[in-house]
Amino acid sequence: MQEKYQPEYQPKTVERAAQEFWNAARSFCAIASARKPKYYCLSMFPYPSGKLHMGHVRNYTIGDVLARSHRMKGYNVLQPMGWDAFGLPAENAAIQNGVPPAQWTHGNIAYMRKQLEALGLGIDWERELATCDPAYYRWNQWLFLRMLEKGIAYKKTQVVNWDPVDQTVLANEQVIDGCGWRTGAPVEKREIPGYYLAITEYADELLAALDTLPGWPERVKTMQANWIGKSTGVRFAFPYELDGRKDKLWVYTTRADTIMGVTFVAVAAEHPLATHAARGNPELAAFIDECKRGSVMEADMATMEKKGMPTGIFVDHPLTGDQVEVWVGNYVLMGYGEGAVMAVPAHDERDFEFAKKYGLAIKQVIAVDGEKFSLDGWQEWYAEKQRGRCVNSGKYDSLDYQAATAAIAADLAARGLGAIQVQYRLRDWGISRQRYWGCPIPLIHCPSCGTVPVPDEQLPVILPTDCVPDGSGNPLTKRADFVDCVCPKCGQPAKRETDTMDTFVDSSWYYARYATTPGASTMVDAQTSAWMPVDQYIGGIEHAILHLLYSRFWSKVMRDISVNGKPLVSYDEPFAHLLTQGMVLNHIYSRRAAKGGIEYFAPDAVTPLRDESGRITGATLLADGSPVDYQGIGTMSKSKQNGVDPQALIDRYGADTARFFMIFASPPEQTLEWADSGVEGAYRFLRRLWTQAHARHAPIRRQAPLPAQLAPPLAGVRRELHLLLKQANYDLDKQQFNTVASAAMKMLNALEKVPALEGTDAVLAEGFGILLRLLSPITPHICHALWRELGYGDDILAAPWPQPEAVALVQDEIELVLQVNGKHRGSLRVKVGADRTAIETAALATEAAQKAMAGQPAKKIVVVPGRLINIVV
RNA sequence: GCCGGGAUGGCGGAAUCGGUAGACGCAGCGGACUCAAAAUCCGCCGCCAGUGAUGGUGUGGGGGUUCGACUCCCCCUCCCGGCACCA
């Protein structure tokens, strides 16, 4: 044994010793093994924002509980960690304090890695990676070039938020109420070229394959399915003649059955017809300009006031030949579908409001029996598909949705004006960012050859690490040593692409890189396929759609790209099981900066002001008493300054307390409002565990075998322990870790009360052995130390997972709940095998039943075996 | 606005299939130990009435199904996540 067994719990000493033990034994280095089943346990890697926050502690403790419990259950576990190291916050930090993003990022990584180590996570650090490392991002570039060759990557124009003062593209996050976050200037929409990945080519597979993911939460699959948004509709055209030229205005609709109710057509501000009409119409041109202002966010588009203006251009209704006027609408997006929509005010809520506002015709073409249509106000049934029948629609009258759509599509097709088409809500993935701190897009622009890919042997295109962004555009554009190059094709001077990639690219395949042999000279290798897919992925619910969908897409692309006739990877889906952790929330305080931008303040930097009901209404700054606004509660994040650093907790109580508290606080999938009340309780429990173990260490070390027959009080304690273990194992399988922690507390409560009898030592030895193993995934350090001190063995990680024994659980009497008319009136004890009649007789005989029945005869008696009996009078 | 989720004591939460609502813990209150405090230990603890036994009531709000509803169905309110350049 090591030093003297301390009677007091000293987390620092215990934790240092355990961590040294694991490091020396390389306990968490994953080596492929054919003898054990593999378990690739992965938590979403953090953005190195500076310090860990409680959301990280929650995420990584959950992952570690799963990894450690599976290890003890006999799995060969891989649990890696790395850094999502490119991104906007590094540039923001540079703007604020002038430090280059590279330096800031590496400093943060060093600090946060120490914090993760202090938490005692069972991580294979030999596989650590950072996405800002050229050895990693070269493969982003390499795969991008393969996608370009296959046509999966292509160029088109994109609409971005433009800050006219800083002359820079803004992220959605940097747009506050339609204005730039630094300048306060109203944001404009601007069209610029960018590169896209054709994720829509995989839309069908991404949707269908959701059914192959039983290990994913239903809610995430539903969100992804809705996001992909597969719909079957009709793409059709309104023919028109303009300046003597015949042409067609195409639209797409899922409600072709309402086509006879079209009273106008709305096009996007950027639509060619709008541009045409704006010539010689200054008022319309001004309106189009207005439409081009504002943010590009969908939420803004959906909630803003719907506005429009007529173009004076008319198109022909494809079936009736009626003249239909074309309007410009601020709610129609050029980049989505055809940039034009048919408007049926009677059966689309948005069109209805629009028509009422501008006095446009509303023509009812769908009726529902028993419902009365009125122009006075919108009613839900107007847009209903299922109950409706066509009216005022000529030959389509009385047809239902299905029949009308089919007939109308057939008629449109016969005229060459349309066809049934499957469409997706999903749009192709735009990956170009006009930012410095990201992976360079490996392209060269040559005056004579056009856009030329960087040859593979020149990869990676290395990002200079000494730039300091100042908020006014991408500093790469000013770096001649980066931009100036020679065309790989013709050798003439050329310019390098300065756009970098979306950071979602980096995170779309990092899990595969972890699984690859460290230092491999290819993107992936045979080891990748051996470890993949990830068996258990753990991360925040905020990634339910984008990150998880992009990763699924990226996997399928890698599967479809072959090198030397071999696909890069052999799996279809990257993540077999997914646990979506609920967000850890905290209060958000902010105020408008002088220029109109916004600044955030940490909750511990303000004094909240409350109304009489206790709700926070505002706050004052601790530093100078100036007022700040209360923004409600939201996810802990660097940008909102509301993260809580776990370091103080770890320093004061140790990592085990921090881990236990986070796990105990709530079930993993639930949102958690941060409050540190209760940390004391977690610490108290661990201290009690330590002192109890110490007080009993002599009898436990004897490891006496259980006697054949235990005295009833001891048998009762033993039964309780095994019952708790059974429940805890069930909860662990359900990934409901908070009640596993509760079970451990209940076990200690039971063990403290074990009466001193013949066999007590054996019950204690068995009981502590169960408790320590059950608790070790949550609080590994203290369990490691006690396991050794109490003489169970050298390494609790090598111990088998505890299982309840059936013989310990038997009992001969059970308690049934007694109800009269469904109301709880007491209980009664019956022998385990008692039959129904015996139970009924016993129940009717009880004083409580007699009293509650008040002399009335039983009309019916419900007996739920083993649970309750309900007498109905 | 649209998509997904949530709401249970003063607080975090528990209740596996529709079967004792509030396990476990925090806070609080009372007591023991102590010169005192901390730590520790014992007890109480949803709300209302009652000295008490006990009775009534209670899982965001309203309605329904059922012998029985935190749990199932319908409607509503509020909160959280996502909405494609935060990660």
Side-chain angles (χ1 to χ4, degrees), chain A residues 44 46-47 49 84 87-89 92 158 160-161 169-175 194 217-220 222-227 229 296-304 349-350 425-435 502-504 507 540-547 549-550 580 582-583 585 632-635 637-640 661 664-667 669-673 675 677-682 684-685 687-688 691 727 730-731 734 736 738-739 741-746 749 815-827 859-862 864 867-873:
Chain A
M44 290 180 185
Y47 178 80
S49 57
D84 191 10
L88 211 47
N92 295 343
Q158 50 181 347
V160 296
N161 301 306
V169 175
L170 297 176
N172 283 337
E173 190 192 46
Q174 297 173 317
V175 179
E218 274 316 310
R219 60 168 164 162
V220 174
T222 307
M223 280 190 258
Q224 292 216 346
N226 289 339
W227 184 261
V296 300
M297 277 181 269
E298 194 198 83
D300 291 341
M301 300 295 291
T303 49
M304 72 188 178
E349 189 168 7
R350 194 172 57 185
R425 204 188 77 95
L426 181 69
R427 310 201 291 260
D428 277 347
W429 176 11
I431 60 157
S432 293
R433 297 290 180 269
Q434 297 68 44
R435 314 212 176 282
D502 181 2
T503 56
F504 274 126
S507 56
I541 182 67
E542 79 274 23
H543 293 296
I545 296 175
L546 294 181
H547 162 61
L549 192 65
Y550 291 149
T580 44
M583 302 284 79
L585 312 178
I633 52 172
T635 312
S637 76
K638 172 87 181 167
S639 62
K640 296 202 166 93
F661 172 64
F664 182 65
S666 82
E669 304 222 276
Q670 197 164 304
T671 331
L672 177 66
E673 245 180 86
S677 58
V679 174
E680 282 285 349
R684 199 174 296 154
F685 165 66
R687 223 163 41 206
R688 207 149 56 85
T691 47
Q727 180 66 49
Y730 177 83
D731 290 348
K734 273 201 308 183
Q736 185 174 291
N738 56 324
T739 49
S742 296
M745 289 177 135
K746 291 179 192 175
N749 290 347
E815 193 170 84
L816 290 184
V817 169
L818 175 66
Q819 293 186 338
V820 177
N821 283 342
K823 273 197 200 299
H824 181 210
R825 293 296 176 191
S827 61
K859 234 190 276 176
K860 178 177 173 184
I861 299 177
V862 182
V864 183
R867 282 209 169 259
L868 72 75
I869 174 161
N870 185 15
I871 302 165
V872 185
V873 297

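Below, chains carry the letters A, B, ... as their sequence lines are ordered, and counting in each starts from 1.
- In a base pair of the Watson-Crick type (N1 to N3 plus N6-O4 or O6-N4) or a G-U wobble (N1-O2 and O6-N3), with each distance short of 3.5 Å, rG28(B) is matched with rC44(B).
- Spacing between rA27(B) and rG9(B) at atom C1', rounded to whole Å, works out to 12 Å.
- Spacing between rU54(B) and rG61(B) at atom P, rounded to whole Å, works out to 28 Å.
- Comparing Val817(A) and Thr503(A) along RNA chain B, the residue whose closest nucleotide (by nearest heavy atom) sits nearer the 5' end is Val817(A).
- Closest non-hydrogen pair, Ile541(A) versus Met583(A), comes out as N-CE, 4.0 Å.
- Contact annotation: Gln736(A) side-chain N/O to rA15(B) OP1/OP2 distance is under 4.0 Å.
- The closest donor-acceptor contact from the side chain of Gln670(A) to the backbone of Pro667(A) lies at 3.5 Å or more, if one exists at all.
- Nucleotides rC29(B) and rC47(B) have their P atoms positioned 15 Å apart, rounded to a whole Å.
- When the nucleotides rA84(B), rC24(B), rG5(B) are ranked by their closest atom to the side chain of Arg219(A), rG5(B) comes out on top.
- Listed nucleotides: rA87(B), rC83(B), rG25(B). Nearest to the side chain of Glu298(A): rC83(B).
- Residue Leu672(A) has its side chain nearest to rG12(B) when only rA15(B), rG12(B), rG25(B) are considered.
- Proximity of Arg684(A) to the phosphate of rA27(B): a side-chain N or O atom is located under 4.0 Å from OP1 or OP2.
- Atom CG of Leu88(A) and atom OH of Tyr47(A) lie 7.5 Å apart (nearest 0.5 Å).
- For Glu815(A), taking side-chain heavy atoms from C-beta onward, the closest of the listed nucleotides rC83(B), rC26(B), rU20(B) is rU20(B).
- In the set rU16(B), rG81(B), rC85(B), the nucleotide with an atom closest to the side chain of Val169(A) is rC85(B).
- Considering only side-chain N and O atoms, Gln819(A) lies nowhere under 4.0 angstrom from the phosphate OP1 or OP2 of rU20(B).
- Side-chain atoms of Asp731(A) never come within 3.5 Å of backbone atoms of Gln736(A) as a donor-acceptor pair (strictly under, hydrogens ignored).
- For Ser49(A) and rA87(B), the shortest distance from a side-chain N or O to OP1 or OP2 is not below 4.0 Å.
- Across rC73(B) and rC85(B), the matching P atoms stand 36 Å from one another, rounded to whole Å.
- Phosphate proximity of rG19(B) to Asn870(A): absent, as no side-chain N or O sits under 4.0 Å from OP1 or OP2.
- Nearest to the side chain of Met583(A), among rG81(B), rG19(B), rG25(B), sits rG81(B).
- Thr635(A) and Glu542(A) share no side-chain donor-acceptor pair at under 3.5 Å.
- Listed nucleotides rC24(B), rA87(B), rU40(B) differ in distance to Lys746(A); the shortest reach to its side chain belongs to rC24(B).
- As rounded to the nearest Å, rC72(B) and rU51(B) have P atoms that lie 42 Å from one another.
- Residue Asp428(A) is the one, among His543(A) and Asp428(A), whose nearest nucleotide of RNA chain B lies closer to the 5' end (criterion: closest heavy atom).
- The shortest side-chain heavy-atom distance between Asp84(A) and His547(A) does not fall under the 4.5 Å cut-off.
- Taking syn as a glycosidic angle within 90° of 0, rG9(B) qualifies as syn.
- With its glycosidic angle more than 90° from 0, rC76(B) is assigned anti.
- Rounded to a whole angstrom, the distance from the C1' atom of rA38(B) to that of rC44(B) is 23 Å.
- Residue Met223(A) has its side chain nearest to rG81(B) when only rG81(B), rG12(B), rC85(B) are considered.
- The side chain of Thr303(A) has rG1(B) as its nearest neighbour among rG1(B), rG82(B), rA39(B).
- OP1 or OP2 of rA69(B) has not a single side-chain nitrogen or oxygen of Lys823(A) nearer than 4.0 Å.
- Comparing rA14(B), rA87(B), rG4(B) against the side chain of Asn226(A) picks out rG4(B) as the nearest.
- Under 4.0 angstrom from either OP1 or OP2 of rG68(B) there lies no side-chain N or O belonging to Asn821(A).
- Considering only heavy atoms from C-beta on, Trp429(A) comes within 4.5 Å of Asp502(A) through its side chain.
- In terms of polar N and O atoms assigned as donor or acceptor, the side chain of Gln434(A) comes within less than 3.5 Å of the base of rC85(B) in a complementary pairing.
- Using a 4.0 Å cut-off, no side-chain N or O of Asn738(A) falls inside it from OP1 or OP2 of rG12(B).
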